[in-house]
**Student:** 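Here it is, the structure in full.
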2 protein chains.
Amino acid sequence: MQEPTLLLLTALADAPRHGYALIQEIAVISDGRVKMRTGTLYSALDRLLQQGLIQVERDEVIDGRARRTYALAEAGRATLAAEADRLRAVVAEADRRLRTIRPTARGALA
Amino acid sequence: MQEPTLLLLTALADAPRHGYALIQEIAVISDGRVKMRTGTLYSALDRLLQQGLIQVERDEVIDGRARRTYALAEAGRATLAAEADRLRAVVAEADRRLRTIRPTARGALA
DNA sequence: ACGGCATATGCCGGTGAGCGATATATATCT
DNA sequence: AGATATATATCGCTCACCGGCATATGCCGT
């Protein structure tokens with residue numbers, strides 16, 4: 001799973017949201033660093049629907065504009081939790097190794 | 001940055017290693033879940049060299065077999081640290097949201 | 001009245017990482 | 001002799017991501 005997908009599932013974890021709201025939510029989550037393009041968003045939503053990780057919550061028309069709201073499915077919830085666990089482990093390992101004194105690297109302290 | 005790349009940089013964070021050793025080290029880091037293919041490995045190493053994130057530590061011949069050892073460059077160390085920070089934040093956010101009671105989801109408590 | 005911005009969804013083509021397969025070569029173990 | 005481990009390298013396919021484009025409405029400022 002790549003980061004845009006991870007961010008999408010994360011953005012849906014606490015509440016259902018529609019496409020445009022997801023773009024804004026992801027900007028907030030990533031502290032403004034990630035501005036997801038609609039090409040990425042809607043193709044990812046299609047894919048995640050296909051995989052059963054998310055589901056369509058409802059279709060509405062607000063002020064003449066179509067709005068489709070997506071919700072995280074149970075499978076998506078489980079997938080996100082598993083992915084978070086895996087990444088947490090890798091990040092912890094990276095931190096541990098970055099703090100290690102490097103035995104043979106040029107210019108190492110030891 | 002995708003996960004194989006993250007794992008490669010992590011595997012080089014504590015000590016320089018050659019290609020084949022990296023495959024094994026990544027299997028250890030990922031608790032046996034990731035068996036990196038040589039196609040992924042060597043093309044990634046080429047790319048990371050190109051980007052200046054890693055460097056060639058030395059070339060040797062051990063028991064008649066060529067062996068090229070790679071080391072994490074300073075830029076790679078910084079990149080890995082930054083990536084770890086970013087991922088840690090996203091994972092924390094995912095955890096927080098997964099623990100949140102969902103306001104409007106079907107069957108939600110509230 | 002008109003331009004620009006925000007809201008909102010959707011498609012299309014290019015790029016590039018990842019991956020499976022394949023090739024090559026040596027040493028060791030059975 | 002054959003299988004397994006060590007070790008590097010290349011090739012072509014696929015697919016997620018991304019930039020760009022298209023479409024449409026509502027709102028705000030001038």
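Reminder, nothing fancy here: chain letters follow the sequence lines and each chain counts from 1.
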**Student:** How long is the line joining CD of Glu3(B) and P of dC19(C), in whole Å?
**Tutor:** 9 Å

**Student:** What is the separation between atom CD1 on Ile26(B) and atom P on dC19(C), rounded to the nearest whole Å?
**Tutor:** 10 Å

**Student:** Rounded to whole angstrom units, what separation is found between the CE atom of Met1(A) and the P atom of dA16(D)?
**Tutor:** 12 Å

**Student:** Between dC17(D) atom C1' and Leu6(A) atom CG, what is the distance in whole Å?
**Tutor:** 15 Å

**Student:** Should Leu80(B) and Arg97(A) count as side-chain neighbours, where that means a heavy-atom distance under 4.5 Å?
**Tutor:** no

**Student:** Any side-chain N or O of Thr5(A) under 4.0 Å from OP1/OP2 of dC17(D)?
**Tutor:** yes

**Student:** Between the protein and nucleotides 6-10 of chain D, which nitrogen or oxygen pairs are less than 3.5 angstrom apart?
**Tutor:**
from, atom 1, to, atom 2, distance (Å)
dT6(D), OP2, Tyr20(B), OH, 2.8
dT6(D), OP2, Gln24(B), OE1, 3.4
dT6(D), O2, Arg65(B), NE, 2.9
dA7(D), OP1, Arg67(B), NE, 3.4
dA7(D), OP1, Arg67(B), NH2, 2.0
dA7(D), OP2, His18(B), NE2, 3.3
dA7(D), O3', Ala66(B), O, 3.4
dT8(D), OP1, Arg68(B), N, 2.9
dT8(D), OP1, Arg68(B), O, 3.4
dT8(D), OP2, Gly19(B), N, 3.2
dT8(D), OP2, Tyr20(B), N, 2.6
dT8(D), OP2, Tyr42(B), OH, 2.9
dT8(D), O5', Tyr42(B), OH, 3.2
dA9(D), N6, Thr38(B), OG1, 2.5

**Student:** From CD of Gln51(A) over to P of dC15(D), roughly how many Å is that when rounded to an integer?
**Tutor:** 11 Å

**Student:** State, yes or no, whether a side-chain contact exists between Glu3(A) and Leu7(A) at a heavy-atom distance under 4.5 Å.
**Tutor:** yes

**Student:** Taking side chain as C-beta onward, heavy atoms only, is Leu53(B) less than 4.5 Å from Leu72(B)?
**Tutor:** no

**Student:** With a 4.5 Å limit on heavy-atom distance, are the side chains of Leu45(A) and Leu41(A) in contact?
**Tutor:** yes

**Student:** Taking atom P of dG18(C) as reference, at what distance in whole Å does atom CG of Leu7(B) sit?
**Tutor:** 10 Å

**Student:** Are Val28(B) and Ile23(B) linked, directly or through other ILVMFWY residues, by side chains that come within less than 4.5 angstrom of each other?
**Tutor:** no

**Student:** Pick out which of Leu12(A), Leu8(A), Thr69(A) makes a side-chain contact (heavy atoms from CB on, under 4.5 Å) with Arg17(A).
**Tutor:** Leu12(A)

**Student:** Rounded to whole angstroms, how far apart are CG on Asp63(A) and P on dT9(C)?
**Tutor:** 13 Å

**Student:** I need the CE-C1' distance between Met36(B) and dA21(C), as an integer number of Å.
**Tutor:** 17 Å

